[in-house]
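Residue numbers start from 1 in every chain, and the chains themselves are labelled A, B, ... in the order their sequence lines are given, proteins ahead of strands. Here the structure is a predicted model, which is why all the values come from computation and not from measurement.
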Amino acid sequence: MSSPFRFEVLHTCKQSGARTGILHTPHGSVLTPMFMPVGTLASVKFVSPEELKEMGSQVILSNTYHLWLRPGEKIVEKAGGLHKFMNYDGPILTDSGGFQVFSLAKTRKIKEEGVSFKSHLNGDSLFLSPEKAIEIQNALGADIIMSLDECPAFPSTHAYMKDSVDRTTRWAKRGKDHHKNENQMLFGIVQGGEYEDLRERSAKALVDLDFPGYSIGGTSVGESKETMYKMIDYAIKHLPLEKPRYLMGVGTTDAILEGVLRGVDMFDCVLPTRIARHGTVMSSHGRINITNKKFEEDFTALDHECDCYTCKNYTRAYLRHLVKCNEGLGMRLLSIHNLRFLLKLTEEIRTAINEDRFLDYKNELFEKYDLNSVDSKGF
RNA sequence: GGGGGGGUAGCGAAGUGGCUAAACGCGGUUGACUGUAACUCAAUUCUCUCCGAGUUCGGCGGUUCGAAUCCGCCCCCCCCCA
């Protein structure tokens with residue numbers, strides 16, 4: 001009996017070397033490159049699973065640390081697993097909680113055995129080990145799960161990063177040894193910061209452990225775009241072509257295009273949904289803040305080139321009004337738009353790759369959005 | 001008619017002689033947000049400007065070196081009793 005998972009590279013763009021692929025999971029097959037909406041607490045804020053499917057979303061992310069604390073993985077298990085719990089029958093990916101090691105850094109202590117945390121909810125002392133992270137994810141039941149890693153701050157010294165990378169590798173091995181459920185695909189996470197030798201060291205060590213897929217972590221933590229692109233280059237050239245690559249936490253238009261060019265298959269990011277709740281719209285002409293006064297009497301669609309539910313039915317003036325009044329519907333409609341914007345982007349990327357014109361497509365977008373003038377911020 | 005309370009920046013509301021162009025909240029404007037402690041956070045919000053200057057705390061007039069703060073008169077609002 002072979003694994004329910006299989007990744008195939010479908011086409012490699014003759015013009016750019018970027019690739020399309022298909023990843024088969026027990027909950028369906030998904031096309032890459034793809035963008036995965038983030039639903040940390042088993043919910044993409046303000047958007048239902050049905051709506052996500054309808055807009056072309058293929059995989060939903062959720063989070064081990066957060067579900068561990070609330071409602072607790074046992075509850076999710078009793079519910080029949082994450083899919084049943086959240087009423088979503090498509091593929092789910094859970095992050096290991098490694099990012100929380102970074103984002104909740106004030107209250108953590110990293111040791112060889114694992115990470116001591118203080119709960120951000122009530123201050124409880126918690127301990128997360130690589131094995132525990134796997135156990136929780138086994139109970140949650142996502143299709144794709146992550147090794148517990150350390151996501152070091154940027155910048156970190158070479159010496160610190162080397163220790164960290166080696167520990168993350170040891171954690172990856174421990175997690176892999178502990179993982180018994182073959183209906184879940186466990187990824188290793190490449191770290192190493194901006195150091196080429198450490199990215200290589202990390203990637204090679206993880207490849208030796210033979211994971212079915214590889215993540216690139218430690219990006220979008222304050223480094224420049226150029227540095228991030230180098231981090232991808234340093235890592236990806238040591239990863240096997242036949243395995244999926246997942247660039248964690250990256251979700252601006254320009255970075256997705258650059259990542260795809262470098263061979264990345266999967267992206268996720270809270271950015272589209274978070275900035276939507278705060279009034280920022282990703283559009284075919286760049287980011288706009290819908291709360292700006294200039295939209296007060298703008299009765300046109302958010303983005304004329306968008307085919308999303310929001311753009312088909314609502315005006316900028318109305319959306320501005322909703323967001324300014326703190327209406328949930330406003331956050332919802334902008335979230336739907338921003339997600340569809342990135343999902344549509346990845347659809348177009350796949351088409352362009354399959355037609356061997358990804359480079360042209362990418363250049364057209366960069367020109368259209370004038371990304372060069374705003375690349376410090378990204379799109 | 002009698003008694004009481006009050007009028008502070010767009011709104012609400014502190015402040016009761018100098019450290020006050022005036023706390024704080026709301027509203028307004030702008031910005032940030034990248035494996036979500038995030039319906040969050042930051043800046044700005046009398047006028048003109050580059051430091052800086054000029055007008056303010058119902059109105060007018062006083063006291064004082066100095067007043068939103070003390071005194072006098074006037075205007076307006078609210079509550080209670082007749």
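Put simply, CD on A:Q191 is 14 Å from P on B:G35, counting in whole angstrom units. Remark: C1' of B:G35 and CZ of A:F99 are 6 Å apart, rounded to the nearest angstrom. The distance from atom CE of A:M266 to atom C1' of B:U34 is 17 Å, rounded to the nearest whole Å. Rounded to whole angstrom, the span from the CG atom of A:L342 across to the P atom of B:G35 amounts to 12 Å. Rounding to whole angstrom units, CD1 of residue A:I290 and C1' of B:U29 are separated by 16 Å. Rounding to whole angstrom units, NZ of residue A:K294 and P of B:U29 are separated by 13 Å. Summarising the geometry, the separation between CG on A:D124 and P on B:A37 is reported as 18 Å, rounded to the nearest angstrom. As a whole-Å value, the separation of A:Y246 OH from B:G35 P is 9 Å.
Checked against B:U34, B:A37, B:G31, the side chain of A:V270 finds its nearest nucleotide in B:U34. The listed nucleotides are B:G31, B:U36, B:U34; the one nearest the side chain of A:V38 is B:U36. Here the nucleotide nearest the side chain of A:T40, chosen from B:U34, B:U36, B:U29, is B:U36. Taking only side-chain atoms of A:R287, from C-beta outward, the nucleotide of B:C33, B:A37, B:G28 with the closest atom is B:C33.
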Side chain to side chain contact (heavy atoms under 4.5 Å, CB included) evaluation trace for A:I60 with A:M36: CA-CA 6 Å; A:I60 297 177; A:M36 306 179 287; over 6 Å; no
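Within the nucleic acid shown, A:T273 comes within 4.0 Å of at least one base atom, counting heavy atoms only. Among the heavy atoms of the strands lying under 4.0 Å from A:K106 is at least one base atom, whether or not backbone atoms are also near. Within the nucleic acid shown, A:E223 has no heavy atom closer than 4.0 Å to any nucleic acid atom. Base engagement by A:T280 is indicated by at least one non-hydrogen atom pair under 4.0 Å involving a base atom. Backbone-only contact: A:R320 has heavy atoms under 4.0 Å from sugar-phosphate atoms and none from a base. When heavy atoms are screened at a 4.0 angstrom cut-off, A:Q100 is found touching the sugar-phosphate backbone but no base atom. No contact: A:G222 has no heavy atom under 4.0 Å from any strand.
Using C1' as the reference atom, B:G62 and B:G66 are 15 Å apart when rounded to the nearest Å. For B:C57 and B:A68, the P atoms lie 7 Å apart once the distance is rounded to whole Å. Rounded to a whole angstrom, the distance from the P atom of B:U16 to that of B:C60 is 24 Å. Here, B:A22 and B:U29 have their P atoms 24 Å apart, quoted to the whole Å. For the C1' atoms, the distance linking B:G31 with B:C79 amounts to 47 Å, nearest Å. Taking the P atom of each, B:C77 and B:U8 are spaced 14 Å apart, rounded to whole Å. Comparing the C1' positions of B:A13 and B:A32 gives an interatomic distance of 30 Å, to the nearest angstrom. With both ends at atom C1', the span from B:U20 to B:C46 equals 14 Å, rounded to whole Å.
A close approach under 4.0 Å does not occur between any side-chain nitrogen or oxygen of A:T219 and OP1 or OP2 of B:G35. The phosphate of B:U29 has neither OP1 nor OP2 within less than 4.0 Å of any side-chain N or O from A:N292. The phosphate of B:U36 has OP1 or OP2 within less than 4.0 Å of a side-chain N or O from A:N63.
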Could you pull out the protein-nucleic contacts involving nucleotides 38-44 of chain B (nitrogen or oxygen on both sides, under 3.5 Å)?
{"from": "B:A38", "atom 1": "O2'", "to": "A:R277", "atom 2": "NH1", "distance (Å)": "3.0"}
{"from": "B:A38", "atom 1": "N7", "to": "A:R274", "atom 2": "NH2", "distance (Å)": "3.0"}
{"from": "B:C39", "atom 1": "OP2", "to": "A:R277", "atom 2": "NH1", "distance (Å)": "2.2"}
{"from": "B:C39", "atom 1": "O2'", "to": "A:N326", "atom 2": "OD1", "distance (Å)": "2.9"}

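For the pair A:K362 and A:F366, the cation-pi criterion (under 6.0 Å, within 45° of the ring axis) is fulfilled.
Taking the six-membered ring where the residue is Trp, the centroids of A:H321 and A:Y314 are separated by 6.0 Å or more. When ring centroids are compared, A:Y65 and A:F117 come within the 6.0 Å threshold.
A salt bridge links A:R6 to A:E8: one of the charged nitrogens lies within less than 4.0 Å of a carboxylate oxygen. Remark: A:R201 engages A:D166 in a salt bridge, criterion side-chain N to carboxylate O under 4.0 Å.
Remark: B:U29 base-pairs with B:A43. Criterion, Watson-Crick or G-U wobble with two distances under 3.5 Å. Base pairing annotation: B:G1 forms a Watson-Crick or G-U wobble pair with B:C81, both donor-acceptor distances under 3.5 Å. Pairing for B:A67 is absent, judged as Watson-Crick or G-U wobble with the two contacts each under 3.5 Å. Under the Watson-Crick or G-U wobble criterion, with both distances below 3.5 Å, B:C24 is paired with B:G12.
Evaluation of atom-type donor-acceptor distances gives a pair under 3.5 Å for the side chain of A:D149 against the base of B:G35.
Identified under the salt bridge (charged side-chain N to carboxylate O under 4.0 Å, His left out) test for residues 95-106 of chain A, with sequence neighbours left out: none.
Residues A:S220 and A:K324 each lie close to RNA chain B; by heavy-atom proximity, the contact nearer the 5' end of the strand is made by A:K324.
Ring geometry for A:H83 versus A:H27: interplanar angle under 30°, hence parallel rather than tilted (30 to 60°). Under the 30°/60° scheme for interplanar angles, the aromatic rings of A:F102 and A:F99 are found to be tilted.
Rounded to the nearest 0.5 Å, atoms CD (A:E135) and NZ (A:K180) are 11.0 Å apart.
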